[in-house]
Amino acid sequence: MLPYSRALRALPQVARSSRYPLARLGTTVVVRLQHSAPAQREGEVVAGGSSPEVNVEKKQTKPDYAKINAEKKEKLLLQIKAINEEVSKEIQAGVLSNTVAELFFKQVEALPRVPRTSYLVAESFKDSITSIMEKATKEANDVNQQRVPISPLAVLKKAISHNVALPSHYVYVVSQLLAEGDSSNAMSLWVTYLENNVDSKRSFISLLPFYSLVTIAYLDLCISQKSEPELEKLQQLLQVKSLPRVHTLKSSLNTVIPQSDARFKPLSNALDGLFLFSVDPNATSLIVEAMRASELGETRTVHQTWNNIRKASELNGKKITEDTMVAFMKMFNTLNLTSEAQGIWNTLINSGIHPSTNAWNNLLVTVSKTRGPFAKRLGQVEYVKSKIPSPDDQTFATLIRVYTTLKEFEKVEEIAKDKMDISIVSQAYLQSLASRGDFSVVEQFLTTLKKRNIQLNQTSYNMVLAAALRQGHSEKIPELMKDMKREGIKPDIATYTIVMDHNLKELASRGEVFTDHAFELFFEELAQNGIKPNQFTFTAIMDNLAKNGSVEAAESFFRYLQAKKMASPVSYISLITSEFEAGRPSEGEDLFREFLNERYRVTASHWAALFKGLSRNGKTEELKSWLSSLEETPALLNRFSIYFLLTAAKSRRDRELAEQVVDFIARHKMKSVISSKTSEVIKDLERQMDLQLPEYLQG
DNA sequence: GGCTAGGACT
């Protein structure tokens, strides 16, 4: 036996020890994760101006200035404390802001002159000034208030003149000015701030809210003056090199200006434009990020990135290269968003690029995946194929894959027969055989390849392994893995995931319980081989855990996946299904709601999992309300969902639900979603509760 | 290109 399969072999042999041991695995990781959270929080203002250390080693003959200073300081602090206490007393007693402000500043004036650069005094008055401002705002909003209150701006100006104004006070007033639409005064306050703080050190973090507001004010002024915002001008204005991040700015915008305000949308667009202007549409980082998202099924992120790339190119005139376009075509193909891929192809042609063979090959995949009957898709494939100026080996391999999905196996044979010596073609052919279902044919072809001295690559081996297991030939695994080793092909994470998943299922089928030890061995072996588990590995573990352990343990594991940004539609649906199976319909529903709010493309088959779960749990009221929610998007209801809805109506004898479903089908003219099984259920319902069918469904 | 989920009958 091979050393690297030690842990895999160990999995089915583990003892039945503790009940839900993996629950601990999940929680340990989560706990560890929480502990490693960053200790420092963004936006925390560090109190400025620490008091200078007093040097006590001075000669005793001279007057003790240090002591005198310390005494002075102590006296000052006491005075400040008294002033602050008075302010809060007055405010509590309901004294008007006008008076509070007047008294307050009079007392501040009476103090020894506050040096401009000292934050010590300013810091200690921070809260008092803020509460006076807040009181003033409250009074201004109070319709019963007769006297005209002092404005927060006036409070700020006084504070400035006494050198006790802090950035947070400016921010308070600037926010109000922005909300009122007075961006030019908001901007002048920033200039005032700069003038009054020329010598002081500025911390980017503590000024972040201020920077954000000034950026918004600047953009607002640009919009109203119909001038183009410029990044450089803004940098000069703020006197910084790096600007706040887009999401920081957007959240400032959200707090200051309500979305219903007419200025909101233009400002939000201007923010995007400002930053996209400096984006290189062909930056590798963008493609890498989009590829990560597409692997996880995060459709919205891929869309957003592509849209940003297009906007950036539009703004700064940098052309999107063919490589970038093809990369996105490929991503949209994997996500089955063929109309997007088609759109990119059109852009590519319209921008005058002469498409490479690589681009053509991707188009083949696009048209083969575009929704519609197989015959129509085949026609499109043939058309594209005939247009490719110089097909390469990759084209033939792609054609084999495409014909395989369209079940055109004769065409597969035709392409493959005289190109078996081209490695990628023979691999594609082997994969085609593996996907079909007769493992003996796969084995035969493996012998042929051996005779011809053609080696399988990693992916092909994995597909063959998966095919063997899928068709119940687990006895073939050791031999295949031995071959793999002999040919120097290393098992990768996919290999491990395939075999581990199978072993867990076998273990479960024997009624055994997973133990920590088995998983420890598994992860240890991965580590020894330098292999990192991925979202597939974890999803497989979570799925098996939910089906053969406890849903609670799976939940904890799932939260860990989320924290690691490894959750996907697959892990969501797996857990949702398990919740329903475990008789926890409300947990299943909650999770489905969460799933809808994520950035995934939710499909009809995902919805079917919800309808099946609710149906099996007899939740007819919930079924009714979820069904109504699909009124605008009836395409999300497939034949399985319809079947589950109707069987629930039948078993719970819920006439209302039955009527709602048939009515839905009739109104949306969805006859095609009625399968033969479904029509039997409908007949039962007609008999059982004398259900009247709408005209559309009769016959 | 592959690995994880789900889709009628229990």
Side-chain angles (χ1 to χ4, degrees), chain A residues 295-297 330 333-334 361-362 364-365 394 397-402 404-405 423-432 434-435 456-470 489 491-502 504-505 526 531 533-547 554 557-558 561 566-581 588 591-592 595 600 602-613 615-616 637-648 650 673-682:
Chain A
E295 270 172 33
L296 298 176
K330 201 170 182 174
N333 277 341
T334 3
N361 293 343
N362 278 287
L364 272 178
V365 179
Q394 189 60 57
T398 305
L399 279 170
I400 288 177
R401 279 187 200 105
V402 163
T404 303
T405 50
S423 178
I424 54 170
V425 175
S426 53
Q427 309 288 323
Y429 181 66
L430 174 68
Q431 291 164 15
S432 170
S435 73
L456 266 64
N457 63 23
Q458 223 175 19
T459 305
S460 293
Y461 263 115
N462 288 339
M463 285 189 78
V464 171
L465 284 169
L469 289 175
R470 204 172 42 238
I489 310 286
D492 64 358
I493 186 56
T495 323
Y496 275 93
T497 304
I498 293 165
V499 182
M500 176 269 293
D501 180 58
H502 173 263
L504 289 182
K505 286 187 165 70
L526 288 185
I531 296 171
N534 60 15
Q535 74 264 31
F536 294 97
T537 324
F538 289 129
T539 304
I541 290 176
M542 189 206 75
D543 183 58
N544 282 289
L545 188 59
K547 290 183 171 122
F557 206 78
F558 178 72
L561 280 190
M566 283 187 184
S568 70
V570 174
S571 49
Y572 266 100
I573 294 301
S574 160
L575 189 55
I576 288 168
T577 308
S578 300
E579 296 283 11
F580 284 122
E581 291 283 316
L591 203 56
F592 191 80
F595 176 50
Y600 307 118
V602 181
T603 66
S605 58
H606 298 143
W607 279 87
L610 174 78
F611 285 116
K612 179 183 178 182
S615 175
R616 292 282 188 266
L637 212 59
N638 68 11
R639 57 201 174 115
F640 300 108
S641 296
I642 298 283
Y643 176 85
F644 295 131
L645 281 158
L646 290 173
T647 43
K650 185 182 150 189
V673 295
I674 298 178
S675 64
S676 54
K677 288 271 176 198
T678 303
S679 57
E680 276 170 36
V681 182
I682 294 180

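Given the structure is predicted, the values throughout are model-derived calculations rather than measurements. Numbers restart at 1 for each chain; the letters A, B, ... are given by sequence-line order, proteins then strands.
Proximity of A:K612 to the phosphate of B:dT10: no side-chain N or O atom is located under 4.0 Å from OP1 or OP2. OP1 or OP2 of B:dA5 has at least one side-chain nitrogen or oxygen of A:K505 nearer than 4.0 Å. Phosphate proximity of B:dC9 to A:Y643: present, with a side-chain N or O under 4.0 Å from OP1 or OP2.
Residue A:S574 is classed as a sugar-phosphate contact, given heavy-atom separations below 4.0 Å to backbone atoms only. In this structure, A:R616 reaches the bases: a heavy-atom distance under 4.0 Å links it to at least one base atom across the strands shown. Among the protein residues, A:N638 comes within range of no part of the nucleic acid, since none of its heavy atoms lies under 4.0 Å from any strand. A:N534 comes within 4.0 angstrom of a nucleotide base, judged by non-hydrogen atoms across all strands. The residue A:T577 sits close only to the backbone: its heavy atoms come under 4.0 Å of sugar-phosphate atoms, none of a base.
A:W607 has its CH2 atom 23 Å from the P atom of B:dA5, to the nearest Å. For the pair A:F644 CZ and B:dG7 C1', the computed distance is 6 Å after rounding to whole Å. Going from atom CD of A:E680 over to atom P of B:dA8 covers 15 Å, rounded to whole Å. The CG atom of A:L591 sits 14 Å away from the P atom of B:dG6 (whole-angstrom rounding). B:dG1 atom C1' lies 13 Å from atom CG of A:L456, rounded to whole Å.
Considering only side-chain atoms of A:N457, the nucleotide from B:dG1, B:dG7, B:dT4 that sits closest is B:dG1. Closest to the side chain of A:F536, from the set B:dA8, B:dT4, B:dG6, is B:dT4. Nearest to the side-chain atoms of A:A540 among the listed nucleotides B:dT4, B:dC3, B:dG6 stands B:dT4. Proximity note for A:K677 (side chain, C-beta onward) versus B:dA5, B:dT4, B:dA8: the nearest is B:dA8. Distances were taken from every side-chain heavy atom of A:H606 (C-beta onward) to each of B:dA5, B:dG7, B:dG1; the shortest belongs to B:dA5. Residue A:A609 has its side chain nearest to B:dG7 when only B:dG7, B:dT4, B:dA5 are considered. For A:T539, whose side chain is taken as the heavy atoms from C-beta onward, the closest listed nucleotide among B:dT4, B:dC3, B:dG6 is B:dT4. Closest approach to the A:T678 side chain among B:dG1, B:dT4, B:dA8 is made by B:dA8 (side chain taken as heavy atoms from C-beta onward).
A donor-acceptor pair shorter than 3.5 Å can be found between the side chains of A:T537 and A:T497. With 3.5 Å as the limit, one finds no donor-acceptor pair spanning the side chains of A:S571 and A:S574.
Between A:Y600 and A:F595, the angle of the ring planes lies from 30° to 60°, which puts this pair in the tilted group.
For B:dA8, the base has a donor-acceptor partner in the side chain of A:S675 [N/O atoms by modelled type, under 3.5 angstrom].
Applying the salt bridge (charged side-chain N to carboxylate O under 4.0 Å, His left out) criterion to A:D501, with sequence neighbours excluded, gives A:K505. Not a single salt bridge (charged side-chain N to carboxylate O under 4.0 Å, His left out) links A:K330 to another residue, sequence neighbours left out.
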